[in-house]
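Structure first, commentary second.
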Amino acid sequence: MTEDNHRIETYRKNGYTVLEAVYNEAQMVAFRSEIDRLESVHTGIHQQRRSWWFGNMLERAPALMWPVVNNPVILDVIEQVIGPHIQLDNLTLAAFPPEEDDDAAAEVSGWHRDRWAHMPTGVYERPLALNAICYLQDLSDENGPLRIVPESHIDSIALEDDLRQSFHPEETLIYLKAGDVILTHNGLMHSGTPNRSNLKRYFLSVYYNCSWLKHTDTYEGPNCQQLIREARERNDRRALRLLGEDVASRCNTGFLRPDEERWREWIEEDRQALETNSTEGVH
Ligand SMILES: O=C(O)CCC(=O)C(=O)O
């Protein structure tokens, strides 16, 4: 079995996979500085209280964020999971300051499944969305690991509200290194952990969904519109889909052949469309 096939198989089984060292320290410094900059301009009535969440990050910082959204290492894996149908649902930078009162803090930040999920049925279903989360520092017991319940994207594990901030008997703690990316299935139950270090806990979440769904961020601003124009000029279908423009609509094929076989053809067609365009541009 190839390494790629093994990754996809474990993703389907566990509900997540980790891509190591996707971003380097220089990029991490840039991401952290961007959060700090946004915090410093959001004062007064715009001030956020216990944690900072900045959405629409592609419009706010396109040069920094477009390579993150359009990262081929991540997109190649997601295309193996849901096919060449990937859209950016939202891109968020977040920072959690140290807990003010250590003793009062819950054990767990809050169990949940992600946007566009549903209660699993006992069999694997392809996700409608995947979260690509990157922590901007190594995770530790002090700043709080990511907690997940493996296979909860398949098993219909339910949880009462009063248990959302308690340890789960089947949980696994994940101590990602700064710059690693974890790709989760949106049906996977997970939670952060309160930050008991004395430094901020930063992360970046690139949330992708299927390109025929709505998207949460808006791509109508001048920066995203410029990215769309550039993608059109390159005939870059993958980039256009990311930004809500599904040019090659493949949603009504009759569905009489295995999806994976179709996906391989479409991925190749998209690659050729891009390549033909770049060859035509050279005179
Ligand atoms: O704080 C964390 O580590 C988890 C973040 C999270 O749950 C999410 O992005 O959905």
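One-based numbering, in listed order, for ligands and for the atoms of each. In what follows, residues are counted from 1 in the order of the sequence shown.
- Residue G192 has at least one heavy-atom neighbour below 4.0 Å for each of these atoms of ligand 1: 1 (O), 2 (C), 3 (O), 4 (C).
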Can you check salt bridge (Lys or Arg N to Asp or Glu O under 4.0 Å) on D259 and R250, steps first, answer last? CA-CA 11 Å; D259 292 346; R250 293 153 173 173; over 6 Å; no
Is there a side-chain hydrogen bond (donor to acceptor under 3.5 Å, both in side chains) between N195 and S197 once you walk through the steps? CA-CA 6 Å; N195 176 11; S197 74; 2.7 Å; yes
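- By the 3.5 Å distance cut-off applied to N or O atoms, Y135 is counted among the residues near ligand 1.
- Between H112 and ligand 1, at least one pair of N/O atoms sits closer than 3.5 Å.
- Nearest residue to atom 9 (O) of ligand 1 from N131, L188, L176 is N131 (criterion: closest heavy atom).
- Assignment of Y207 to the shell around ligand 1 is not supported, since no heavy atom sits closer than 4.0 Å.
- Criterion: ILVMFWY side-chain heavy atoms under 4.5 Å apart, direct or through other members. Under it, L227 and L274 are not part of a common hydrophobic cluster.
- If you check which protein heavy atom lies closest to atom 5 (C) of ligand 1, you get F203 CZ, 3.5 Å.
- At least one heavy atom of R201 sits closer than 4.0 Å to an atom of ligand 1.
- Residue D114 has at least one heavy-atom neighbour below 4.0 Å for each of these atoms of ligand 1: 10 (O).
- The shortest N/O to N/O separation between W53 and ligand 1 does not fall below 3.5 Å.
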Residue pair V149, I157: steps toward the side-chain contact (heavy atoms from CB on, under 4.5 Å) verdict: CA-CA 9 Å; V149 177; I157 299 175; 3.8 Å; yes
If you apply the rule ring-ring contact (aromatic ring centres under 6.0 Å, His included), what do you find for F31 with Y23, and how did you get there? CA-CA 10 Å; F31 301 149; Y23 299 110; 5.7 Å; yes
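- Within 6.0 Å of CD on E160 lie no more than 12 heavy atoms contributed by other residues, nucleotides or ligands.
- Among all protein heavy atoms, the one lying closest to atom 8 (C) of ligand 1 is H190 NE2, 3.7 Å.
- In this structure the side chain of K214 reaches within 4.5 angstrom of the side chain of W116, judged on heavy atoms.
- With 3.5 Å as the limit, one finds a donor-acceptor pair spanning the side chains of D36 and Y202.
- Here T193 has no heavy atoms under 4.0 Å from ligand 1, in either its backbone or its side chain.
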